[in-house]
*Asks:* 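First, the structure itself, so that you have it in front of you.
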Amino acid sequence: MFKYVTKRVYQMILVLFVVSIIVFFVMSFTGDPVLMMVTPDATQAQIDRARMELGLDKPLITQYFIFVKNILRGDFGKSYVFKQSAIKLIIERMPATLELVFVSVLLSIIVAIPLGVFAGAFPNKKSSKTIMLGSLLGISLPNFWVGMMLIFVFAVHFRVMPSSGRGEVVNFLGMRISIFTADGFKHIILPAVMLSIQSLAILLRLTRAGMMEVMKQDYIKFARSKGVLQNSLLFQHALKNALIPVITVFGIQIGKIIAFATVTETIFSWPGMGKLLIDSINRSDRPVMVAYLMIVAFIFVLLNFIVDIVYTSIDPRIDLR
Amino acid sequence: MYKKGLIIVVITLLLTIAVGSYVFAQDDELVVGLANDALYLDPHQQNETTTNMLCKHIYDSLVNHTADMEIVPSLAKSWERNSDTEWVFYLEEGVKFHNGNEFTASDFKYSVDRIRDTIIASHVANIEEVTVVDDYTLKIETVKPYAVLLRDLQKIMIVDEDYAEKVGDEKLNMEPVGTGPYELVEWIKSDHITMVSNEDYWNGAPEIKKVTFRPITNNATRTAALLSGDVDFINDVSVRDAERIASNDDLTLIEKPSLRLIYLHVDGWREKSPTIDLESNPMQDLRVRQAIYYGINVDEIVEFTMNGHAYPADQYVPSTLLGYVDGIERYHHDPEKAKELLAEAGYPDGFTVTLDAPNDRYVNDAEVAQAIASQLSKIGINVELNLMPKSVFFDYVRPGDKSSLVMSGWSATTGDSGRMYEVFLVTRDKYEGLGGSNRGHYTNDDFDQAVIASNNTASLKERDQHLQEATQIAFDDLALIPLYYQEDLLAKKSFVEFTPRVDNSVFAFEMSINK
């Protein structure tokens, strides 16, 4: 086990290193941040000075090594626009994103697993077919369109939900959290629904496929014949084995939800780190973009690692070596 | 069974939340949806539209712009000019900062000095020295005779010297203190900025007692927030949503020409133009430039490409600004005349040229560029399009070495045409600080001298004359081809009273509620 974990940690570091190379060099092709900062009437001398202050006058390779050296000290550089530490800007906005991701993930699990179990156990029922059709829509409808539709139906037409923003928040362990207030919770529903729809649909379909497979197996027939109750049969005996592929994909889905939060946050004006990324792209604020991408890459790698560990506790047959 | 129960619980929960907790706003409170958040609430960190606009709620300057960009007294109640370079300002007495400190002349001097080492140092570049004569009298010495000093002073927002020195930059930014009509309550970045009225404001407390600014960057969401009643006022309405708002009885759409001119830079003063594969540069010939102007159908672009949300431009600044010449007529679309002019100039079959334009900077910019290309093809000029995102575009066109035709925009936010001429049309590399973005390599000594003279006078009237002279010369030469002014679109609930401003700022202290 220990040997396995150390090996994985080495791999994670390698992946992050490669990501840093890609992120850094791709970023340097995204236009000149200096010209976005100075006014159009700036003189060449002013431009040169700004470039020097940002360290952009050095060759790209040198810039990269400085960048890596700083990262190793936990310094992702200062935002060009706010002159504050980029990582601090992101962490400031992280609770809002994590909160949204948390509710979305919860929503996908609560809805997808029972529906998936149902549709897998009784594939021929009409309601199962409706569920499957719904999940197909969930996968194929463009995400931003769903978001806009939710706003127009629930906020503009029926006026039962707020159109955007975060609502009232309370301080919880030093973080601003909105789900603990009625107003804040009301604000999180629509964005969470939009953000969860795709992963919900995917999880649902996977659960169903797993269930259909498991239900054919002998041990289920045996359990049934020995008189195990329906609910217990489905959710204890069958689901446990059906869940293994679901968990693999689930890890990736959480990562995807975090990444897709950029779109949701922009549409719902949710003040999280995804919206910060989009705003930073518009301002050519390179350090913030780089720091964001590195953090998200880190989260992805970490999630996959956790998923691999979780496997063993669910399915002892899997060997970590 | 278990599932049914769950569904019922979830639905009940949602309904309770949805129906419950409705908070009704007070009659003197407003929520304003803005397209951007402030970058700073320290007024000396960055020269950015939304930042300046929000800072103006908290801070005052010596003088102010009215809605029509005329200068009126603010913290300076009067002033006089002792010589071409020396001005004396008499200040309002008894004005208090939000923290109770009194505003005196030294706070202004401190603010000017503070700006000197920042990215916005150009605001004070023409001020040689500020002298505090007494607590309520200031003397300002300019570097040279400088007619537009008041326009610069309008941008210099005044911070409390004691407070700024005591708390440092970071706290000043998050907990700003000024003399302005509003005090900050709370700023949660990219979520909201809440302000309450300063009841002791020296110029009378504003009518709106509490205002919340919410940055809603997505255009459709901003419109939805207004339609759903979450906000009372929005700026930068997208053209697509204009109809929908106009047709709603409870809402009012405000449409007016903006200061932003969209124009073409023509590379007409170099022997060879980079994208024209000919021995010499045909656009050196005035007749060819005229042909291009005659070939473009601005009315059609305004009506169809911009859906009516633009205003044809007859010269380089709107009529209310300095430098506008009465009587200049724009060239109306005339393809026959354009062809004749091309033939006279020796290009009856036209030529091929590349048009550089951004595709994400101005409203419908890529479509307008395409329209221009198709219109010019009808007079024989084959236009190849080179469309770029703004982050690449401005870098690409700045030196002017790769461009023959450039479509771009400029906002005359200083209230006259001077700055635009200095940046875009004065001969490149000849005078320090001038002509830095002269993408068309325009050079005309009379023009240069007129612009320079306009900077070396202390009288606005003389400046206007010099700038008018410059406008006439540039227009005769067609140094730039003016196309149209963009439209500013704002929308509000009908009970909000607001007079739109030429500079498109949205100030809560200029709003009131009429229910």
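The structure displayed is predicted, hence computed values, not measured ones. In what follows, chains are A, B, ... by sequence order, proteins preceding strands, each numbered from 1.
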*Asks:* In terms of heavy-atom contacts, does CD of B:Glu186 have more than 12 from other residues, nucleotides or ligands at under 6.0 Å?
*Replies:* yes
*Asks:* For the atom pair CE (A:Met148) and OG1 (B:Thr223), what is the distance rounded to the nearest 0.5 Å?
*Replies:* 8.0 Å
*Asks:* Return the NE2 to CZ distance between B:His192 and A:Arg166, rounded to the nearest 0.5 Å.
*Replies:* 10.5 Å
*Asks:* Using only heavy-atom distances, determine whether the side chains of B:Arg222 and A:Ser269 contain a donor-acceptor pair under 3.5 Å.
*Replies:* no
*Asks:* Report the residue from B:Asp37, B:Ile188, B:Asp191 that forms a side chain to side chain contact (heavy atoms under 4.5 Å, CB included) with A:Pro271.
*Replies:* B:Asp191
*Asks:* Evaluate whether atom CZ of B:Arg240 has more than 12 neighbouring non-hydrogen atoms of other residues, nucleotides or ligands under 6.0 angstrom away.
*Replies:* no
*Asks:* Rounded to the nearest 0.5 Å, what separation is found between the CG atom of B:Asp230 and the NE2 atom of A:His187?
*Replies:* 6.5 Å
*Asks:* For B:Arg244 and A:Val156, work out which heavy atoms get closest and say how close.
*Replies:* NH2-CG1, 4.0 Å
*Asks:* Tell me, yes or no, whether the heavy-atom count around A:Lys83 atom NZ, taken from other residues, nucleotides or ligands under 6.0 Å, exceeds 12.
*Replies:* yes
*Asks:* Say you draw a straight line from CG of B:Leu39 to CG of A:Asp285; how long is it, rounded to the nearest 0.5 Å?
*Replies:* 9.5 Å
*Asks:* So how far is it from B:Ser190 OG to A:Lys275 NZ, rounded to the nearest 0.5 Å?
*Replies:* 5.0 Å
*Asks:* Might you work through the side chain to side chain contact (heavy atoms under 4.5 Å, CB included) test for A:Phe82 and B:Gln46, ending with a clear yes or no?
*Replies:* CA-CA 9 Å; A:Phe82 296 103; B:Gln46 197 124 35; over 6 Å; no
*Asks:* Using heavy-atom distances under 4.5 Å, tell me whether A:Phe152 contacts chain B through its side chain, its backbone, both, or neither.
*Replies:* side chain
*Asks:* Rounded to the nearest 0.5 Å, what's the gap from CG on A:Asp279 to CG on B:Asn36? Could you check?
*Replies:* 7.5 Å
*Asks:* For residues B:Ser228 and A:Ala155, report the shortest heavy-atom separation together with the two atoms involved.
*Replies:* CB-O, 3.1 Å
*Asks:* Out of A:His157, A:Glu92, A:Arg176, A:Gln84, which one racks up the most heavy-atom pairs below 4.5 Å with chain B?
*Replies:* A:Arg176
*Asks:* Quick test of your reading: applying salt bridge (charged side-chain N to carboxylate O under 4.0 Å, His left out), list the pairs with at least one residue in residues 103-123 of chain A, sequence neighbours left out, ordered by first then second residue.
*Replies:* none
*Asks:* Measure distances from B:Glu170 to the heavy atoms of chain A and classify the residue's part below 4.5 Å as side chain, backbone, both or neither.
*Replies:* side chain
*Asks:* When you compare the side chains of A:Thr266 and B:Asn218, does any donor N or O come within less than 3.5 Å of an acceptor on the partner?
*Replies:* no
*Asks:* Are there more than 12 heavy atoms of other residues, nucleotides or ligands under 6.0 Å from atom CZ of A:Phe154?
*Replies:* no
*Asks:* Under a 3.5 Å distance rule, please check whether B:Thr221 uses its side chain to pair with a backbone N or O of A:Ile267 as donor and acceptor.
*Replies:* yes
